[in-house]
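Working notes for the structure below.
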Amino acid sequence: FPQRTELTNWTAKLTAQPLENNNATLYYMFSDKTVNARDLGSTRPPETARRQSGPGWTLKAEDTHVFSNNFVLTGMASHVDSGYLQEPRGGMDTHPWWIGSSGLGEARGWHGSYRRSEQILEQNNLRADASAFFQTGSGGHELKFGGGYRNQDTEWWVIWPGQQYWTEYYKSSRTGEEWELVALTRAAHPLYTGEYVDFYAGDTFTLGNLTLTGGVRYDRQQAYNQRSDVPGN
């Protein structure tokens with residue numbers, strides 16, 4: 001049974017110079033990855049493999065403005081909408097089961113279907129960076145400073161097909177005794193958010209053959225879980 005992976009990408013970029021001292025760029029990218037039988041293996045026959053798809057897109061706008069020979073400012077804003085889906089080839093109405101021993105009439109491994117997994121991710125970015133040039137006495141300064149903010153929301157779904165349970169079958173090679181186990185589940189639905197903030201400032205001072213560079217930077221990265229609702233089984 002062949003496993004096939006396909007990658008699809010589309011990009012577009014528009015650059016404009018609305019003013020003599022200004023340059024603007026608009027960028028768009030669409031990408032998708034599809035796999036017809038992910039996780040296919042000796043214990044995962046075709047009906048328990050999963051079809052993967054992951055369409056997503058990115059939109060970014062960036063503008064650079066030269067206010068004078070001594071000051072340049074660049075601003076950027078972007079949005080990312082992505083994620084991926086793994087859908088069992090056996091369908092969401094088929095009960096999955098696991099054969100854990102030989103002699104039960106089926107190959108060892110999963111049968112019927114497998115669990116479904118989906119991730120939804122959205123990300124927003126804002127950023128500004130500037131450069132300033134000035135003199136103090138005989139020395140020259142190149143000052144760079146800026147900051148950024150990024151927010152990312154992620155949603156997951158993991159759910160077993162059928163009535164959200166699977167069955168395991170075993171047989172003792174010594175006594176021939178057979179037994180059955182049932183695993184009951186509920187869907188998993190985590191929601192979490194990440195936030196990232198940074199600020200920086202640095203200066204390069206030049207005086208004759210002497211160059212001094214110094215700077216400071218502040219970063220704050222945090223993530224937290226949000227509450228989520230899961231239907232009963």
Side-chain angles (χ1 to χ4, degrees), residues 5-34 53-85 118-156 190-227:
T5 300
E6 294 184 0
L7 303 176
T8 303
N9 296 278
W10 297 92
T11 61
K13 184 178 180 180
L14 176 65
T15 300
Q17 190 174 358
L19 301 172
E20 184 179 358
N21 56 345
N22 186 278
N23 185 75
T25 301
L26 184 65
Y27 174 81
Y28 174 81
M29 179 182 70
F30 170 86
S31 61
D32 191 13
K33 176 182 179 180
T34 60
S53 59
W57 56 271
T58 300
L59 180 64
K60 182 178 76 168
E62 187 174 44
D63 186 83
T64 299
H65 191 82
V66 180
F67 288 88
S68 68
N69 293 333
N70 299 323
F71 185 67
V72 179
L73 176 64
T74 298
M76 185 273 292
S78 68
H79 177 79
V80 179
D81 192 325
S82 64
Y84 64 89
L85 171 67
E118 182 179 13
Q119 182 196 60
I120 304 168
L121 183 149
E122 290 190 6
Q123 185 181 127
N124 294 295
N125 294 271
L126 295 172
R127 176 149 214 96
D129 299 283
S131 297
F133 309 89
F134 57 94
Q135 296 285 130
T136 54
S138 301
H141 295 264
E142 180 183 353
L143 180 64
K144 293 185 178 182
F145 57 96
Y149 172 79
R150 177 161 62 98
N151 173 274
Q152 177 177 305
D153 292 320
T154 303
E155 178 179 9
W156 271 93
L191 299 171
Y192 54 94
T193 297
E195 290 184 330
Y196 310 86
V197 177
D198 73 270
F199 298 99
Y200 72 93
D203 185 30
T204 299
F205 175 71
T206 304
L207 179 62
N209 295 326
L210 174 66
T211 301
L212 296 176
T213 300
V216 294
R217 181 179 176 94
Y218 169 80
D219 286 271
R220 181 174 65 101
Q221 303 179 5
Q222 62 178 358
Y224 50 90
N225 291 316
Q226 302 179 17
R227 69 177 222 173

Under 3.5 Å, is there a donor-acceptor pair between the [X] and [Y] side chains?
{"X": "Asn125", "Y": "Ser78", "value": "yes"}
{"X": "Tyr200", "Y": "Asp129", "value": "yes"}
{"X": "Glu142", "Y": "Ser131", "value": "no"}

Parallel, tilted or perpendicular: ring planes of Phe71 versus Phe67, cut at 30 and 60 degrees: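 Judged by the thresholds at 30° and 60°, the geometry between Phe71 and Phe67 is tilted.
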Mutual orientation of the aromatic rings belonging to Tyr84 and Trp156 [parallel < 30°, tilted 30-60°, perpendicular > 60°]: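 Taking Trp156 first and then Tyr84, their aromatic rings stand perpendicular (interplane angle over 60°).
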Chi angles and distances behind the side chain to side chain donor-acceptor pair (under 3.5 Å) call for Asn23, Asp63: CA-CA 6 Å; Asn23 185 75; Asp63 186 83; over 6 Å; no
How close do [X] and [Y] get, heavy atom to heavy atom, and via which atoms?
{"X": "Thr11", "Y": "Met29", "answer": "CG2-CG, 3.7 Å"}
{"X": "Gly202", "Y": "Leu143", "answer": "O-CD1, 3.2 Å"}
{"X": "Ala77", "Y": "Leu126", "answer": "CB-CD2, 3.7 Å"}

Option from Gln222, Gln221, Arg220, Arg150 for which side chain to side chain donor-acceptor pair (under 3.5 Å) with Glu195 holds: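 For Glu195, the side chain to side chain donor-acceptor pair (under 3.5 Å) test succeeds with only one of Gln222, Gln221, Arg220, Arg150, which is Gln222.
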Salt bridge (charged side-chain N to carboxylate O under 4.0 Å, His left out) involving Asp198 - partner list, sequence neighbours excluded: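 So Asp198 forms a salt bridge (charged side-chain N to carboxylate O under 4.0 Å, His left out) with Arg127, Arg217.
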Results of ring-ring contact (aromatic ring centres under 6.0 Å, His included) for Phe205 - residues two or more places apart only: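 Counting only residues at least two positions away or on another chain, Phe205 forms a ring-ring contact (aromatic ring centres under 6.0 Å, His included) with His141.
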